[in-house]
Amino acid sequence: MYALIDANCFYCSVERSFNPALEGKPVIVLSNRDGCVVARSNEAKDLGINMGQPFFQLAELRKQHDIAVFSSNYALYGDTSARLMSLLTHFAEDVEVYSIDEAFLLVEGFECLYPSYQDLGEIIRAKIDQWLRIPVSIGFGPTKTLAKIANRLAKKTPEHNGVCVLDTPEKIDESLKNFPVNEIWGVGRQSARKLECFDIKTADQLRKVPIDWIRQMMTVNGVRLVYELQGHPCKLLEVGQKPKKSFCTEPGFHRVTTDLAMIEDALTAHLSRVCEKLRRQNSLAGCLTVYLKTNRYRKTATGLPDKQHNPSRTIVLPHPTNNVLDMIHYAVGALNEIYAPDYHYQKVGIMLTDLVSADYRETNLFTAGLDEKRLKLSNAVDKLNQRFGSNKLRLASQQHNPEWPMQFQYLSKRCTTRWSEILEAK
DNA sequence: TCTGGGGTCCTAGGACCC
DNA sequence: TCTGGGGTCCTAGGACCC
């Protein structure tokens with residue numbers, strides 16, 4: 001049996017857990033640069049606020065209702081998530097951290113310690129509430145996909161009280177008959193539309209399709225999905241961190257721009273950031289991609305859609321590296337090749353791929369000594385920036401124009417990771 | 001005025017090899 | 001008139017996840 005623990009509107013719940021005055025009020029959390037809504041409390045959902053809705057569209061609603069608004073406080077959410085995951089290891093040996101607010105547990109063999117899975121679920125919920133004040137939903141099932149479905153039912157059906165156990169064929173049959181196919185884990189908009197054409201609308205119908213047919217429709221992913229719905233595990237628990245295979249960063253500008261100098265400036269900053277991620281994982285990148293994106297929503301003065309340009313350029317680096325000084329020349333060169341002056345760009349992105357472990361570093365015969373020095377330099381820069389704040393020490397070419405950086409207007413305190421922002425009790 | 005920012009996996013098709 | 005039969009590797013693009 002697998003259990004899936006999933007926090008209810010996690011970001012909003014974290015804000016609430018450190019600010020009880022928000023209890024019962026509509027709360028929303030915004031994406032980077034306060035662009036879109038990425039988390040909503042139930043009260044906010046009841047007001048009709050949608051996932052991904054642009055924040056500026058809520059101006060009128062905010063006048064009518066007292067909506068608590070927050071920028072994304074990743075330091076706080078990340079730290080709370082780490083506490084949540086560590087708590088879960090008290091209940092099972094094998095814990096897969098699936099996302100910032102979700103974890104799969106392999107609970108087979110532990111049921112003898114508890115009267116039932118239902119009881120185990122309730123105990124976990126109570127413990128998380130006691131220690132973290134975060135509401136969670138818990139679903140149990142013989143495969144990860146069924147646990148996901150159980151979790152969804154636990155969240156949506158109040159009678160379940162946050163825990164749903166699918167442990168008998170009867171319960172599974174009953175649940176799948178009414179479960180919409182488009183809400184299944186792994187069925188996105190495209191597949192749902194295709195299945196709809198063949199009148200497959202519920203998980204139960206999907207479970208009964210011929211395997212060859214589903215392979216044609218949804219490739220091998222569809223095959224795995226159908227087996228999982230039938231109760232045969234295809235997606236196994238993945239414990240331990242797997243090193244990332246790529247890193248990218250593509251924060252948008254505050255407004256669109258045609259200014260190459262400013263784009264170069266942003267690119268330098270993004271590259272520094274993404275190299276830091278690389279070093280944190282002890283990896284080197286063999287390949288670098290620079291891309292530009294225009295704003296697909298933008299209209300010209302005449303109301304016509306603005307012309308779009310989304311070019312990219314990939315460079316194979318002469319040697320795998322995680323040093324910004326080794327890459328900056330290639331990145332800026334690539335940018336200059338793809339940039340065209342008559343487009344309004346919304347963002348410049350950089351992606352590092354072909355990652356290898358830094359333990360396998362291939363040294364260049366002619367620059368080995370220099371590489372060593374540069375490695376020490378980047379490590380020193382990382383440490384200083386960790387201690388004094390990010391970007392305190394940076395390349396001279398970065399941020400000659402400080403217009404583009406992120407803006408977070410509604411940020412709460414980073415009260416679990418910064419002494420200066422610790423909560424005060426009055 | 002303002003519309004996020006990350007990731008993974010799979011497939012088809014092209015280029016190349018003998 | 002008829003033009004083989006295996007392979008591998010790479011890339012772009014699609015679909016999905018949070």
Side-chain angles (χ1 to χ4, degrees), chain A residues 4 6-7 9-11 28-39 49-60 62 69 71-72 74 77-78 81 96-104 144-145 148 151-152 182-195 214-225 234-235 238 241-257 270 273-274 277 281 286-287 289 291 293-299 301 305-306 310-314 316 344 346-355 403 406-410:
Chain A
L4 174 63
D6 183 329
C9 39
F10 182 59
Y11 294 178
I28 58 172
V29 177
L30 305 175
S31 64
N32 281 354
R33 277 190 10 268
D34 298 339
C36 292
V37 177
V38 293
I49 299 173
N50 291 321
M51 188 68 180
Q53 190 166 4
F55 179 51
F56 71 88
Q57 291 177 357
L58 298 180
E60 203 50 43
R62 288 180 67 208
V69 177
S71 305
S72 285
Y74 292 117
Y77 309 153
S81 171
E96 173 185 341
V97 178
Y98 179 66
S99 75
I100 192 162
D101 72 327
E102 274 175 78
F104 286 101
K144 285 166 89 173
T145 303
K148 265 275 197 191
N151 183 283
R152 177 66 68 104
N182 62 312
E183 287 184 22
I184 301 173
W185 185 40
V187 178
R189 207 176 316 169
Q190 299 299 324
S191 308
R193 202 181 304 154
K194 276 194 219 166
L195 293 171
I214 195 68
R215 185 190 300 275
Q216 260 187 344
M217 287 305 272
M218 291 178 63
T219 77
V220 68
N221 292 314
V223 175
R224 288 191 191 121
L225 182 54
C234 295
K235 303 178 181 182
E238 291 172 10
Q241 290 154 319
K242 279 197 290 185
K244 292 245 187 340
K245 297 176 175 179
S246 70
F247 286 108
C248 76
T249 182
E250 48 159 285
F253 306 121
H254 184 47
R255 48 172 62 99
V256 292
T257 184
H270 300 351
R273 243 183 63 165
V274 86
K277 293 189 197 174
Q281 183 176 285
C287 215
T289 302
Y291 48 95
K293 285 187 181 173
T294 43
N295 183 343
R296 64 198 157 118
Y297 300 105
R298 194 170 188 273
K299 300 259 196 303
D306 202 4
N310 300 296
S312 75
R313 178 95 165 84
T314 298
V316 178
H344 299 99
Q346 175 71 33
K347 57 173 64 167
V348 59
I350 182 142
M351 177 154 59
L352 301 180
T353 48
D354 283 16
L355 305 192
E403 193 192 333
M406 306 266 193
Q407 296 180 355
F408 298 95
Q409 206 181 330
Y410 309 97

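Because the structure is predicted, anything quoted here is derived from the model rather than measured. Here is the naming used below: chain letters follow the sequence lines, and residue numbers restart at 1 for every chain.
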Same-atom distance (P) from B:dT3 to C:dC18, integer angstrom
25 Å
Excluding sequence neighbours, so at least two apart, what forms side chain to side chain donor-acceptor pair (under 3.5 Å) with A:Thr257?
none
Applying side chain to side chain contact (heavy atoms under 4.5 Å, CB included) to A:Phe10 and A:Val29, what does each step give before you reach the verdict?
CA-CA 10 Å; A:Phe10 182 59; A:Val29 177; over 6 Å; no
Output one letter per nucleotide in nucleotides 11-18 of chain C: B when a protein non-hydrogen atom lies under 4.0 Å from the base, S when only the sugar-phosphate is that close, - when neither is.
----SSSS
With a 3.5 Å cut-off and sequence neighbours excluded, list the donor-acceptor pairs that the side chains of residues 245-252 of chain A form with protein atoms.
unit_1, atom_1, unit_2, atom_2, d
A:Thr249, OG1, A:Arg273, NH2, 3.2
A:Glu250, OE1, A:Lys347, NZ, 2.9
A:Glu250, OE2, A:Tyr291, OH, 3.1

Protein-nucleotide distance (A:Met351, atom CE; B:dT8, atom C1'), rounded to Å:
12 Å
Going by the rule side-chain contact (heavy atoms from CB on, under 4.5 Å), which residues pair with A:Glu60 if we only count those two or more places apart in sequence or in a different chain?
A:Lys63, A:Gln64
I'd like a list of close polar pairs between nucleotides 2-4 of chain B and the protein, N/O only, cut-off under 3.5 Å.
unit_1, atom_1, unit_2, atom_2, d
B:dT3, OP1, A:Gln346, NE2, 3.2
B:dG4, O4', A:Ser31, OG, 2.9

Please list, chain by chain and in numerical order, all residues satisfying side chain to side chain donor-acceptor pair (under 3.5 Å) with A:Ser81, sequence neighbours excluded.
none
Answer yes or no: does a side-chain N or O of A:Lys245 lie under 4.0 Å from OP1 or OP2 of B:dG6?
no
Could I get the full list of side-chain contact (heavy atoms from CB on, under 4.5 Å) partners for A:Glu96, not counting sequence neighbours?
A:Tyr98, A:Phe104, A:Lys144, A:Leu237, A:Glu238
Rounded to the Å, how far apart are A:Tyr77 OH and B:dG6 C1'?
16 Å
Assess, by modelled atom type and distance only, whether the side chains of A:Ser312 and A:Asn310 contain a donor and an acceptor separated by less than 3.5 Å.
no
Position toward the 5' end of DNA chain B (nearest nucleotide), A:Arg224 or A:Thr249
A:Thr249
Based on Watson-Crick and G-U pairs with both distances under 3.5 Å, what dot-bracket line describes DNA chain B 5' to 3', crossing pairs as [ ] and inter-strand pairs as |?
....||||||||||||||
For A:Arg62, side chain to side chain donor-acceptor pair (under 3.5 Å) partners two or more places apart
none
Whole-Å distance separating the CD atom of A:Gln241 from the C1' atom of B:dG7
15 Å
Non-neighbouring partners of A:Glu183 that pass side chain to side chain donor-acceptor pair (under 3.5 Å), sequence neighbours left out:
A:Arg152, A:Lys156
Go through the structure and list residues passing ring-ring contact (aromatic ring centres under 6.0 Å, His included) with A:Tyr74, not counting sequence neighbours.
none
Return the set of residues passing side-chain contact (heavy atoms from CB on, under 4.5 Å) with A:Asn50 (not counting sequence neighbours), or none when no residue passes.
A:Gln53
Which part of the nucleic acid does A:Asp34 contact within heavy-atom distance under 4.0 Å: base, sugar-phosphate only, or nothing?
nothing
5'-most by nearest nucleotide on DNA chain B - A:Val220 or A:Cys248
A:Cys248
